[in-house]
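Remarks on the structure that follows.
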Amino acid sequence: MNLPVYTVADLEREDVFDVPEFDNDDAIDLGLAAVEVIDERGLNLAVRIVLRGDVVFQAKLGTSGPGNDPWLAGKHAVAMRFGEPSLLVRRRHEEAGTPFEELPDVDHDAFKAHGGSIPLRVDGEVVGTITTSGEPDVVDHATSAEAIRRYLSR
């Protein structure tokens, strides 16, 4: 498998998910778009949509399972705290020469700056995330980003 490569500039160019409204039904539609991408690509991924603190959608495909839960939660925490995709947070720290996982003032069990979680915004306010876990983190990010693209194009 050829892994996608993302620079800070690549990630900054990606569309931001920002819609006028987004409810539980919309979150299910986004989750199903992610399942479609995961199935098409034959990936072993868990996907979780969190909206206003509530897990509204979750599916675990292939060999994903309970071991993905801490990763889903940790990536989600990073995207919520920084308001940016978890992979972008990771790449910014790498570019600055201060890898996130080496920061002494971060609870690394709670915050995992690895790709896969992208913030969901309603009128500019971060209200939740789509998060995937189970493959290399760049694949997780690419899957979440593609699910968003498909959802927004419908």
Side-chain angles (χ1 to χ4, degrees), residues 1-94 100-101 111-154:
M1 174 192 304
N2 284 340
L3 296 179
V5 175
Y6 292 100
T7 64
V8 168
D10 295 333
L11 294 163
E12 287 174 342
R13 274 194 299 275
E14 287 187 347
D15 290 335
V16 170
F17 184 99
D18 196 349
V19 293
E21 55 188 358
F22 192 78
D23 62 17
N24 287 2
D25 293 342
D26 298 317
I28 299 299
D29 290 342
L30 177 58
L32 292 173
V35 167
E36 185 179 89
V37 175
I38 293 165
D39 276 340
E40 283 174 13
R41 297 179 180 180
L43 302 172
N44 295 299
L45 282 178
V47 57
R48 179 182 289 171
I49 313 288
V50 176
L51 185 58
R52 296 177 183 87
D54 187 27
V55 175
V56 178
F57 181 92
Q58 181 166 292
K60 294 181 179 178
L61 288 81
T63 59
S64 64
N68 296 103
D69 292 344
W71 288 97
L72 290 166
K75 293 175 183 188
H76 160 79
V78 167
M80 290 299 294
R81 179 174 179 178
F82 294 93
E84 294 185 325
S86 52
L87 185 59
L88 179 54
V89 173
R90 177 179 177 176
R91 289 290 186 256
R92 283 191 200 284
H93 279 85
E94 288 170 351
F100 189 87
E101 57 275 3
F111 293 92
K112 299 187 182 306
H114 292 267
S117 191
I118 299 175
L120 306 174
R121 290 179 174 78
V122 173
D123 290 331
E125 176 193 354
V126 176
V127 297
T129 62
I130 176 173
T131 307
T132 55
S133 171
E135 296 283 351
D137 76 330
V138 291
V139 174
D140 294 356
H141 176 83
T143 304
S144 292
E146 177 60 20
I148 285 173
R149 273 191 291 282
R150 290 184 188 190
Y151 172 84
L152 292 175
S153 70
R154 289 180 180 162

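All residue numbers refer to positions in the sequence shown, counting from 1.
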Output the distance between atom [atom1] ([X]) and atom [atom2] ([Y]), rounded to the nearest 0.5 Å.
X	Y	atom1	atom2	answer
Phe22	Leu120	CZ	CG	5.0 Å
Ile38	Glu146	CD1	CD	11.5 Å
Ser117	Met80	OG	CE	9.0 Å

Working for side-chain hydrogen bond (donor to acceptor under 3.5 Å, both in side chains), residues Thr129 and His76:
CA-CA 6 Å; Thr129 62; His76 160 79; 2.7 Å; yes
Applying salt bridge (charged side-chain N to carboxylate O under 4.0 Å, His left out), can you list everything that pairs with [X], at least two apart in sequence or on another chain?
X	answer
Glu84	Arg92
Glu40	Arg150
Asp69	Arg48, Lys60

Run the numbers on Ile49 and Ile130 for side-chain contact (heavy atoms from CB on, under 4.5 Å), then give the verdict.
CA-CA 5 Å; Ile49 313 288; Ile130 176 173; 3.4 Å; yes
Could you pull out all residues at least two apart from Arg41 that satisfy side-chain hydrogen bond (donor to acceptor under 3.5 Å, both in side chains)?
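Checked Arg41 against side-chain hydrogen bond (donor to acceptor under 3.5 Å, both in side chains); zero matches.
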Flag, side chain of Arg121 to backbone of Val16, donor-acceptor distance under 3.5 Å
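A pair under 3.5 Å: no.
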Using atom types as modelled and distance alone, determine if a side-chain donor or acceptor of Ser86 lies under 3.5 Å from a backbone N or O of His114.
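Between the backbone of His114 and the side chain of Ser86 there is a qualifying donor-acceptor contact (under 3.5 Å).
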May I have the list of side-chain donor-acceptor pairs in residues 136-143 shorter than 3.5 Å, sequence neighbours left out?
residue, atom, partner, partner atom, Å
Asp137, OD1, Arg90, NH1, 3.4
Asp137, OD2, Arg90, NH1, 2.5
Asp137, OD2, Gly115, N, 2.8
Asp140, OD1, Glu135, N, 3.1
Asp140, OD2, Lys75, NZ, 2.6
His141, NE2, Glu14, OE1, 2.8
His141, NE2, Glu14, OE2, 3.2
Thr143, OG1, Val139, O, 2.8

Using the side-chain contact (heavy atoms from CB on, under 4.5 Å) rule, take Leu88 and Glu12 through it: C-alpha gap first, then chi angles, then the decisive distance, then the call.
CA-CA 8 Å; Leu88 179 54; Glu12 287 174 342; 4.2 Å; yes
Can you sort out the partners of Phe111 under ring pair (Phe, Tyr, Trp, His ring centres under 6.0 Å), two or more places apart, ordered by chain and number?
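For Phe111, no residue satisfies ring pair (Phe, Tyr, Trp, His ring centres under 6.0 Å) once neighbours in sequence are set aside.
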